[in-house]
Each structure stands twice: as structure tokens, then as C-alpha cells.
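Whatever order the structure lists them in is the order used to number ligands and atoms, beginning at 1.
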Amino acid sequence: MTRFGRPMRRRFLLEPGTAFLNHGSFGTAPRQVLAAADRWRRRMESNPDRFLREILPGALREAAGRLARFLHANEQDLVFVENATSGVNAVLRSLEFRPGDEILATSHTYNAVRQTIRHVCGRSGARLVEAPIVLPVDSKISLEKAIQNKFGKATRLLVLDHISSPTGLIFPVKRLARLAREHGVQVLVDGAHAPGQVDLDIPSLGVDWYTGNCHKWLFAAKGCGFLWARRQAQRGLHPPVISHGYGKGLAAEFDWTGTRDFSSWLAVTDALAFFRELKPSRVRGYNHRLVTESAKRISTAWGTPLDGPVALHGSMMAIRLPESLQRRDPRQLMSEFLARHHIVAAVMPIEGALWARISAQVYNAPEDYKRLLTAASAHIKSRIGKKEGSP
Ligand SMILES: Cc1ncc(COP(=O)(O)O)c(C=O)c1O
């Protein structure tokens, strides 16, 4: 078996010389999964008619079944979608809201999801209510309380991140779903980062809809996400694009939304095989230790806080940037890290402050994070130098 860290890079296409500390944003797929997706693509192009009419329907359900079993779910309750954005859109735009209804989310909700909620609110007269998540978070209880305090008589839907995008904080989905049920509120979970990063048993969470990405932490090729719906929550659920299967049930509606490249969905089986070869608990353990130990070291060097307790994280964590880098443009800072230092790290603006969000994946090693420290020190020195030299 390939050792984790440097030797693992061989199994991916990552460009040599770059420290890739941002698996969280888009993920990167191993060579063997991309090769499997390519085989499906070639098979399709060798006879598109036979493939799309005769082979695809069965192959797609077979792949959905394998993914569903990995998530402890039933094949009939799970469909592929392009990504979590698509899954969230399917649910939000299938629901009917009335003027005055409230959709509860948090201040850490992913912006594309917030925009979709705004769109739905704009059309229905419903209202977005955001539970403020204040950093650093001190415990699971404070995350719970922040949301619990916002349930009201008009709350119809809770949109909950399983793992928050700006920080990597893992939300207590099961407990919050129980609270939501007590208030008669339905729950949509945005699990964009969860599959692969945490051990998932979706039906046991007690939520109505769960969407997730396989192309982030499950090693799938890009464009591979899924949407799971509790049996009773499948009625009236439609994909964002309506096609031939309209009104014929979940699989018929979602499996065909027009001609497209199905290869990343079909190759999910190979992504699962890769993950199993590496051993899921070993991957999660390695990533968690690497990201949390590196984050602690960075936070000590910068004299700034971590986003919350280590126990609330999987493979991502955020550290507040030092004061001298606070007033920078986050995109420009990311570009400079890449161009000058060959480091890919996410810089997140959260509640008026900048945080560095780091990820750990099996191809990372402690040296990658040391490079981030060195790069940040160079920027801090150049800022101080500029200030001292300015009139
Ligand atoms: C919490 C969350 N939701 C949704 C998304 C969107 O994922 P995608 O672009 O694959 O739809 C992201 C992306 O990072 C995310 O962090």
C-alpha cells in the first residue's frame, strides 16, 4: 500500500512543487478514478445510442446503489446530481413557501446556498433568518444554541451545513434535526464536505433531504454529487432541470435531465474502491491529526485563535490571520501565496476578519504547512518593511 504523505502524490495529478492545502474547495481525483471515468466516456462515444438507451439506465442505478450502501441508505432514495449546489437547488425550488414563512440558515451558510434561499424568498415572500455563528466557537452546545434560539412559529425549513465551508466546523446534525422535528420544521442538510470526511449513515440523522459531494472528500471525478430524500419527502421533489421523467418518480426525474457526460457518476464505484483501499478510518485519522496539529502550530506562531475546538473538526480547520494581514484583499492574498510561494490555501473573510482555512488529504505532509508559515512570515515582514519605509 502507498504510504500517506509525499509518496501518495504519485497517485494524483497534482503539479509538482505546489503545496496543495485546499482540498476543501474542489477536491482532486486520483489517476485511477479519472482513468475509469475516461473508460466510461470512451464506451459511450463508441456507440452513443446503445450506451445511452440500453446500458446507462442500469449502470446508473447500479452506481447509485453502491453509493447508497456506502451511506447506509437505500438505492431508491438516492439520485446523482452534478454537485451540492444542484442538490440544494432541487429541494429549495421544489418546496412551496408562503409570505411570512421563515427559512432558517446560519451566518456560515455557503454563499451559493444563501443566494438560492434569497431567490426562493424573493418569489414567495418568505424570509431568510440567519443564526449567527461567532468565532471562535467554544463547544458543540454553543453551535446548537445559536440555531435553537432562532426557531420561531414561522420557521418552515432549516438549511444546515454538515461541515461549514469557511471553517470546517462539524455541526451536530442529528441533535439539531431532533430539535427541528420538535418545532415541526423540515431539514435540508448541505453535506458538500461530509462524504469521506466523516463516517455517514444518512437515514439515521433524521433529516428530510441530504445532499453531498463525492468530488471533494470521496475521491470522485468532478461533477459527482448526490441527493438523498426520506421516502415521505420525495413527493413533489424535482430536479432543477425538468425532462422526460417528470412525475415518474425520483430516479426517473433525476437520472435523465438531458444529454450529458455521465462518466463521473458511473466511476463513483472506482472512487469508493480507492477510498476503501486506503481504509476510510485510516484516511480520516491521518487527515484529522495532520490538519489539527498543523493548525495549532500555525495559531501559536501567529498568536491568533483557531476557529474552535479540535474535536469539532475533520480534515479542515481555520486560523485567524495575523493583524498585519487583516486588511488585505483575500483573493489577492491567495493569488500571491500561489504565484510567489506555490501554496494553495483558502483565505476566508468571516464577520469582518480574515481566516486561513487549511485542509489535509492523504497526499499532504507536515512540510506543506511549514511552507504556509514561511510564506505568511515573508508577507508580514514585507508589510512591516513598507510601513516603516512610508512617510
Ligand atoms: C458548504 C458548501 N455547500 C456547497 C458547496 C458547493 O459545492 P459545489 O460547488 O460542488 O456545488 C460548497 C463548496 O465548497 C460548500 O462548502
TODO: Within a distance under 4.0 Å of any heavy atom of Asn83, pick out the atoms of ligand 1 and give their elements.
DONE: 8 (P), 10 (O), 11 (O)

Task: Any N/O pair Ser165/ligand 1 closer than 3.5 Å - done: yes

Open item on the list: Please state which option from Ile163, Val113, Asn213 has its nearest heavy atom closest to atom 10 (O) of ligand 1.
Closed with: Asn213

Open item on the list: Starting from atom 11 (O) of ligand 1, what is the nearest protein heavy atom, named by residue and atom, and what distance separates them?
Closed with: Thr85 OG1, 2.6 Å

Open item on the list: What protein heavy atom lies closest to atom 1 (C) of ligand 1? Include the residue and the distance to one decimal.
Closed with: Asp190 OD2, 3.4 Å

- [ ] Report yes if some heavy atom in the side chain of Arg331 is under 4.5 Å from a heavy atom in the side chain of Leu333; otherwise report no.
- [x] no

Task: Numbered atoms of ligand 1 (with element) below 4.0 Å of Ala192, judged on heavy atoms - done: 2 (C), 3 (N), 4 (C), 5 (C), 12 (C), 15 (C)

Task: ligand 1 contact by Lys216, heavy-atom criterion under 4.0 angstrom - done: yes

Task: Side-chain donor-acceptor pair present, Thr167, Ser164, cut-off under 3.5 Å - done: yes

- [ ] Report yes if the distance between the aromatic ring centroids of Phe226 and Phe80 is under 6.0 Å, otherwise no.
- [x] no

TODO: Give the atoms of ligand 1, by number and element, whose distance to some non-hydrogen atom of His215 is under 4.0 Å.
DONE: 10 (O)

- [ ] Answer yes or no for Arg260 and Trp265: cation-pi contact, defined as NZ/CZ to six-membered ring centre under 6.0 Å and angle to ring axis within 45°.
- [x] yes

- [ ] Would you tell me whether Gln186 and Arg156 have side-chain atoms, one donor and one acceptor, within less than 3.5 Å of each other?
- [x] no

Open item on the list: Heavy atoms only, cut-off 4.0 Å: how does Glu82 contact ligand 1, side chain, backbone, both, or neither?
Closed with: neither

Open item on the list: Pairs of nitrogen or oxygen atoms closer than 3.5 Å, one from His193 and one from ligand 1: do any exist?
Closed with: yes

Open item on the list: Can you classify the ring geometry of Phe4 versus Tyr286 as parallel (below 30°), tilted (30 to 60°) or perpendicular (above 60°)?
Closed with: perpendicular

Task: contact_flag Ala112 ligand 1 heavy-atom lt 4.0 Å - done: no

Task: His23 and Tyr363 aromatic ring geometry - parallel, tilted or perpendicular at 30°/60° bounds - done: tilted

Open item on the list: Is the distance from the ring center of Phe262 to that of Trp256 below 6.0 Å?
Closed with: yes

TODO: May I ask you to identify the nearest protein heavy atom to atom 15 (C) of ligand 1, giving residue, atom name and distance to one decimal place in Å?
DONE: Tyr110 CD1, 3.5 Å

